[in-house]
Every structure is written in C-alpha cells, then in structure tokens.
Amino acid sequence: MIAREFVLKGKKNFEKVQKEGRIFQSNSFGLSILERGDADPSRFAFIVSGKISKEAVQRNRIKRALSEAVRFEMTRLKGGFDVIFLAKQVSTIKATGELMHEVVVTLTEAGLAK
C-alpha cells in the first residue's frame with residue numbers, strides 16, 4: 001500500500017481532477033491527471049467499479065496491483081500531480097505482473113516519471 005500522504009482523498013479533489021485533468025488511456029485502465037502546480041508529492045486514487053467485477057476479491061486484487069506499481073515507482077515520479085486510475089474490464093483477466101508493468105509504461109508516457 002502507498003503511504004497516506006500519497007493518497008488522493010475527498011469528493012472535491014476527485015471532481016476537480018475529472019473536470020480539469022487530462023486523460024490517458026491504457027489497455028487495462030484510464031488515467032485522469034491534473035497538474036496542481038506545487039512541489040508537494042503527487043497523490044493517487046484507484047477506482048475499480050462493481051461493473052468491472054462483482055467479486056470484491058477481483059476488485060481488490062486490481063487495486064493492490066495498481067497501488068503496488070505506483071509504490072515501487074514513487075522515487076521516479078514527479079511531484080505536484082493528482083492522478084486517478086480507472087480500471088477497465090480487461091484488467092480482471094490480466095496477471096498482476098502485467099498490470100504493474102503497464103502502470104510503469106503508462107506513467108512514463110504520461111510524463112509523470114523524472
């Protein structure tokens with residue numbers, strides 16, 4: 001799990017990211033990214049809807065994989081961003097390692113890596 005200081009919380013923050021942020025699409029998830037313009041650490045949120053899988057075990061596995069990939073890459077990531085991961089149906093059939101690799105590639109393509 002990522003540390004609390006790196007977790008995006010609050011309805012207002014989510015709405016702001018979704019309204020003003022730019023979107024990057026990956027095969028297994030979408031990224032909504034908002035540049036805050038400060039030097040504080042980037043914050044992340046992970047959304048896996050009940051529409052993706054009815055089983056909580058599956059939804060939690062996806063969240064853990066995405067979260068762990070972000071945690072491993074934290075030292076390479078730039079500060080000042082709010083990021084929301086929105087899982088897609090395809091992520092339920094992908095292995096954890098594949099999801100984690102896809103997170104690294106997508107964050108780099110989105111310009112969040114140093």
Side-chain angles (χ1 to χ4, degrees):
M1 295 298 283
I2 60 176
R4 286 186 183 184
E5 65 183 295
F6 304 118
V7 176
L8 180 64
K9 298 180 209 124
K11 186 177 180 178
K12 288 182 183 178
N13 289 330
F14 276 77
E15 289 173 353
K16 187 173 183 179
V17 171
Q18 289 179 336
K19 285 181 185 176
E20 300 174 20
R22 60 185 202 263
I23 296 179
F24 286 89
Q25 293 294 333
S26 170
N27 193 24
S28 302
F29 54 86
L31 280 181
S32 187
I33 301 172
L34 175 67
E35 186 169 0
R36 293 189 318 257
D38 57 24
D40 293 338
S42 293
R43 300 180 298 185
F44 300 87
F46 307 94
I47 299 174
V48 183
S49 167
K51 292 179 182 177
I52 302 300
S53 174
K54 298 294 181 196
E55 297 178 17
V57 173
Q58 281 284 6
R59 295 192 307 269
N60 291 336
R61 183 190 66 81
I62 295 166
K63 286 180 193 178
R64 278 194 307 272
L66 298 174
S67 175
E68 279 299 298
V70 169
R71 188 178 70 83
F72 285 144
E73 293 297 310
M74 196 61 73
T75 57
R76 288 189 42 223
L77 298 178
K78 297 177 184 176
F81 290 93
D82 285 341
V83 182
I84 298 175
F85 284 81
L86 302 160
K88 295 180 182 177
Q89 186 73 36
V90 169
S91 59
T92 60
I93 59 173
K94 289 213 174 174
T96 301
E98 288 180 71
L99 282 174
M100 292 176 72
H101 177 71
E102 196 171 335
V103 168
V104 172
V105 169
T106 306
L107 288 174
T108 305
E109 288 174 357
L112 292 177
K114 292 180 184 176

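The first residue in the sequence is number 1, and the count goes up from there.
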Between [X] and [Y], is any pair of side-chain heavy atoms under 4.5 Å apart?
X      : Y      : value
Leu107 : Arg76  : no
Met100 : Phe72  : yes
Val70  : Val103 : yes
Arg4   : Phe6   : no

*asked:* Applying side-chain hydrogen bond (donor to acceptor under 3.5 Å, both in side chains), can you list everything that pairs with Arg43, at least two apart in sequence or on another chain?
replied: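 Here the qualifying residues are Asp82.
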_Looking at Val104, is its backbone amide N or carbonyl O close enough to the side chain of Thr108 to form a donor-acceptor pair, meaning the two atoms are under 3.5 Å apart?_
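Judged by distance alone, yes, a pair lies under 3.5 Å.
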*Look only at the side chain of Arg22 and the backbone of Ala110, and say whether a donor-acceptor pair between them is shorter than 3.5 Å.*
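Between the backbone of Ala110 and the side chain of Arg22 there is a qualifying donor-acceptor contact (under 3.5 Å).
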Smallest separation among heavy atoms of [X] and [Y], with atom names:
X     : Y     : answer
Ile84 : Gln18 : CD1-CG, 4.3 Å
Leu99 : Phe29 : O-CE2, 4.5 Å
Lys88 : Gly30 : CE-N, 4.2 Å

_Between Lys12 and Glu15, does the salt bridge (Lys or Arg N to Asp or Glu O under 4.0 Å) criterion hold? Intermediate values first, please._
CA-CA 5 Å; Lys12 288 182 183 178; Glu15 289 173 353; over 6 Å; no
*If you measure from CZ on Arg59 to OG on Ser91, what distance do you get to the nearest 0.5 Å?*
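It is 11.5 Å, given to the nearest 0.5 Å.
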_Does Phe46 form a side-chain contact (heavy atoms from CB on, under 4.5 Å) with Leu86? I'd like the steps, not just the answer._
CA-CA 6 Å; Phe46 307 94; Leu86 302 160; over 6 Å; no
*Run the side-chain contact (heavy atoms from CB on, under 4.5 Å) check on Thr96 and Ile62 step by step: do they pass?*
CA-CA 7 Å; Thr96 301; Ile62 295 166; over 6 Å; no
*Taking the six-membered ring for Trp, are Phe85 and Phe44 parallel (under 30°), tilted (30 to 60°) or perpendicular (over 60°)?*
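Correct class here is tilted.
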*For residues Lys51 and Gln89, is any side-chain donor paired with an opposing acceptor at under 3.5 Å?*
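No, no side-chain donor-acceptor contact under 3.5 Å.
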*asked:* Side chains of Glu102 and Ser28: any donor to acceptor distance under 3.5 Å?
replied: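 Present: a donor and an acceptor within the cut-off.
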